Amino acid sequence: MASYEQNKSSKLWSVRFRETINGKVKNQRLSGFKTKREAQQAYVKYAGAKKESEIKDNTPEEMKFEQLVILYMEYHKGRVKESSYYDDEYKINSRILPFFKGKSLSQITPVIVLEWQSNLSEYSYRYQKNLVAKLSSVYRFGAKYYGIENVMDKVDRPRNTGAKPEMLFWTPEEFA
């Protein structure tokens, strides 16, 4: 994980992180940014370029779902609060990735996404909706930056089919 710090004398921000180069872990630093946000964006851009170069040989159709998730999470890290990032990371790693892992993006069809949605029936409607929105975010990112077809545009969202809870009222006697 990257750490951000501000130089007290120059007031410029820098980012430090570790990177594996030729099998050796090396400390790296990017510096000279006026704001912390600029440092975060530079790190995301740097890390995204590294990840991109690792998978540049793959066409969007050959790219594996987990590769897209890695790129998305690097992009997403600099755009949300740390607690939101970890919450999203947990949801993706525990509820989305196990189902789609190992599949290339060209293999994932609307029918497969519907099958995944049907496996979510044990969760509340609100949680299902949140997971579908997270998967949709991953695909929107892929469509915007890598030219991947957004399968989520062709899939219906889950519906709240649960029975509405009965509203209970107090009688005047119970209220008294």
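All of these numbers come straight from a predicted model, not from anything done at the bench.
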Point to revise | Pair E19-Y46, side-chain donor/acceptor within less than 3.5 Å | key: yes
Check your understanding: More than 12 non-hydrogen atoms from neighbouring residues, nucleotides or ligands closer than 6.0 Å to CZ on R37, yes or no?
Key -> no
Exercise for review: Using modelled atom types only, decide if a donor and an acceptor are shared between the side chain of E66 and the backbone of G102 within a distance under 3.5 Å.
Suggested key: yes
Point to revise | Nearest-0.5 Å distance that lies between atom CD in Q117 and atom CG in L114 | key: 5.5 Å
**Study point:** CZ on F175 to CZ on F169, rounded to 0.5 Å
**Key:** 14.0 Å
Check your understanding: Rounded to the nearest 0.5 Å, what separation is found between the CG atom of L131 and the CG atom of N119?
Key -> 12.0 Å
Review point. Hey, what do you get for CD (E82) to CD (E89), rounding to the nearest 0.5 Å?
Key: 10.5 Å
Revision key, fill the gap. Output for pair (F99 CZ, L135 CG), nearest 0.5 Å, gives 10.5 Å
Review point. So, the side chain of E38 versus the backbone of F33: is there a donor-acceptor pair under 3.5 Å, distance only?
Key: no
Check your understanding: Side-chain heavy atoms under 4.5 angstrom apart, residues restricted to Ile, Leu, Val, Met, Phe, Trp, Tyr: same cluster for I96 and V111?
Key -> no
Check your understanding: Are Y125 and W116 co-members of a hydrophobic cluster defined by side-chain heavy atoms under 4.5 Å apart?
Key -> no
Check your understanding: Can L12 be reached from L30 by stepping across I, L, V, M, F, W or Y side chains whose heavy atoms are under 4.5 Å apart?
Key -> no
**Study point:** Stepwise side chain to side chain contact (heavy atoms under 4.5 Å, CB included) check, N160 with Q128
**Key:** CA-CA 10 Å; N160 189 2; Q128 288 178 30; over 6 Å; no
Check your understanding: Counting heavy atoms not belonging to K154, are there more than 12 under 6.0 Å from its NZ?
Key -> no
Practice item. Using a cut-off of 6.0 Å, state whether more than 12 heavy atoms not belonging to N27 lie near its atom CG. Key: yes
Exercise for review: Test ring-ring contact (aromatic ring centres under 6.0 Å, His included) on W13 and Y4 and set out the steps.
Suggested key: CA-CA 7 Å; W13 284 86; Y4 303 92; 7.6 Å; no
Review point. Would V155 and Y127 show up in the same hydrophobic cluster when neighbours are defined by side-chain heavy atoms closer than 4.5 Å?
Key: yes
Review point. Just how far is it from atom NZ of K101 to atom CG of N93, taken to the nearest 0.5 Å?
Key: 8.5 Å
Practice item. Report the relative orientation of the aromatic rings in Y145 and Y75; use parallel for angles under 30°, tilted for 30 to 60°, perpendicular for over 60°. Key: tilted
Check your understanding: Counting only N and O atoms by type, is there a donor-acceptor contact under 3.5 Å from the side chain of S137 to the main-chain atoms of A133?
Key -> yes
Practice item. Output yes when a side-chain donor or acceptor of Q41 lies under 3.5 Å from a complementary backbone atom of G78, and no otherwise. Key: no
Review point. Within a reach of under 6.0 Å around NZ of K129, are more than 12 heavy atoms found that belong to other residues, nucleotides or ligands?
Key: no
